Structure formats: C-alpha cells, structure tokens
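For reference, the structure is listed below as structure tokens.
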Amino acid sequence: MPRGTSEVSEPMYFVLAALRAEPLHGHAISKAVKELSGGRVQPSVGTLYGILERLNERGVIQVDREEVVNGRNRRYFRITDDGRALVEAEARRMQAAAALVLRPAAS
C-alpha cells in the first residue's frame, strides 16, 4: 500500500478507518490499526497520540468522552463527518490507483 497522500498518511488512514465503527480509546485504536493493516502499521504510543492530536486539530476526529479507569484517564475519540468523508475519499483514491495496475494489460 502506498504511504498515502499528503493529506492522509498511512497510519492516519488506519486510525480513521478504526474509528468508523465506534468511538475507541487509545489502546483499542492501536489494536484496531494493527489488525486492519495486517500488522504492517503499529505506531508507538507517542506516535499514535501525535496522530490523534493532529487529526483532532484538523477536525476529522474529536473527543467523544473521558472516563477514569484504574485511576487513569481514558479518552475516547470518534470520527467526524469530515473524517468519514476524508477516509472514504482516500479509500476510493487507493482503489482507483490499484485498478489501474491490476487491470489486464493491453495486448
């Protein structure tokens, strides 16, 4: 898979994809990203939270809620309508690019 466009890096793409179904907290996002990418994308904790911060600043995700679990704050994020449109556009872009390569070659 390509690294992504200047608008959406590959890790950002998988974070947005992970959040399509429901709001998730950081650890759950990390697990979903690993699963969705077939283990290829495994951002460190610091990288993941940097991605979440950038996506939040862009308005494509937002904090859904916070709760305290075992004395630690757990923040859940959800995808916004703009985020959903962005990840779907990126998926269509990748699909179109793949179709060019995977179609039968002209004889």
Side-chain angles (χ1 to χ4, degrees):
M1 174 184 280
R3 297 293 250 152
T5 64
S6 60
E7 194 169 7
V8 182
S9 68
E10 187 176 30
M12 286 179 172
Y13 173 81
F14 283 108
V15 168
L16 290 169
L19 292 171
R20 289 182 70 230
E22 64 182 325
L24 298 171
H25 57 81
H27 182 69
I29 293 170
S30 182
K31 283 180 59 176
V33 165
K34 182 178 178 182
E35 183 177 311
L36 288 170
S37 71
R40 284 190 18 253
V41 178
Q42 298 181 47
S44 67
V45 172
T47 299
L48 176 63
Y49 280 95
I51 290 168
L52 292 171
E53 185 176 317
R54 285 191 299 282
L55 292 174
N56 189 43
E57 288 171 358
R58 289 174 60 181
V60 294
I61 67 169
Q62 63 186 34
V63 175
D64 182 69
R65 67 185 185 279
E66 293 184 32
E67 65 185 16
V68 177
V69 177
N70 296 327
R72 296 181 65 182
N73 194 36
R74 181 178 285 175
R75 183 176 290 171
Y76 288 77
F77 295 89
R78 71 175 180 83
I79 194 167
T80 65
D81 290 341
D82 287 346
R84 191 173 303 281
L86 179 63
V87 74
E88 290 171 3
E90 181 66 5
R92 285 190 297 275
R93 183 196 70 77
M94 290 187 296
Q95 186 176 39
L100 289 172
V101 174
L102 298 175
R103 70 178 176 210
S107 304

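Here the structure is a predicted model, which is why all the values come from computation and not from measurement.
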(message) Filter on salt bridge (Lys or Arg N to Asp or Glu O under 4.0 Å), then keep only pairs touching residues 42-57, sequence neighbours left out; what's left?
(response) none

(message) Quick one, Val33 and Val15 - any side-chain contact, counting heavy atoms below 4.5 Å?
(response) yes

(request) Enumerate the residue pairs fulfilling salt bridge (Lys or Arg N to Asp or Glu O under 4.0 Å) with a member in residues 24-35, sequence neighbours excluded, ordered by first and then second residue. (result) none

(message) I'd like to know whether CZ of Arg20 has more than 12 heavy-atom contacts from other residues, nucleotides or ligands below 6.0 angstrom.
(response) no

(message) Restricting to salt bridge (Lys or Arg N to Asp or Glu O under 4.0 Å), what partner residues turn up for Arg65, sequence neighbours left out?
(response) none

(message) Quick one, Phe77 and Leu24 - any side-chain contact, counting heavy atoms below 4.5 Å?
(response) no

(request) Tell me, please, which residues at least two apart from Glu22 pass salt bridge (Lys or Arg N to Asp or Glu O under 4.0 Å). (result) none

(request) Please report the closest heavy-atom contact between Leu52 and Ile61, naming both atoms and the distance. (result) O-CD1, 3.5 Å

(message) Can you tell me how far apart CG (Leu102) and CD (Gln95) are? Round to the nearest 0.5 Å.
(response) 10.5 Å

(request) Of all the heavy-atom pairs spanning Leu48 and Pro43, show the shortest one and how long it is. (result) N-CB, 4.1 Å

(request) Not counting sequence neighbours, which residues clear salt bridge (Lys or Arg N to Asp or Glu O under 4.0 Å) with Asp64? List them please. (result) Arg78

(request) Would you name the heavy atoms of Tyr49 and His27 that are closest together and state the gap between them? (result) OH-N, 4.5 Å

(request) Would you kindly confirm whether Leu16 and Leu36 end up in one hydrophobic cluster when ILVMFWY residues are joined by side chain heavy atoms under 4.5 Å apart? (result) yes

(request) Verify side chain to side chain contact (heavy atoms under 4.5 Å, CB included) between Arg58 and Leu86, making sure each step is shown before the conclusion. (result) CA-CA 11 Å; Arg58 289 174 60 181; Leu86 179 63; 3.6 Å; yes

(request) Report yes if some heavy atom in the side chain of Val87 is under 4.5 Å from a heavy atom in the side chain of Ile79; otherwise report no. (result) yes

(request) Measure across Asn73 and Glu66 and return the closest heavy-atom pair with its distance rounded to 0.1 Å. (result) ND2-OE1, 2.8 Å

(request) Provide the closest heavy-atom pair for Pro11 versus Ile51 in the form atom of the first, atom of the second, distance. (result) CB-CD1, 3.5 Å

(message) Same cluster or not: Val45 versus Met12, using hydrophobic residues (I, L, V, M, F, W, Y) connected whenever any side-chain heavy atoms lie under 4.5 Å apart?
(response) yes

(message) Please find the pair of heavy atoms, one from Ala91 and one from Tyr13, that lie closest to each other, and give the distance.
(response) CB-OH, 3.6 Å

(request) Sequence neighbours left out, what passes side-chain contact (heavy atoms from CB on, under 4.5 Å) with Val69? Give chain and number order. (result) Glu67, Arg74

(message) Are more than 12 heavy atoms, taken from residues, nucleotides or ligands other than Asp81, located less than 6.0 Å from that residue's CG atom?
(response) no

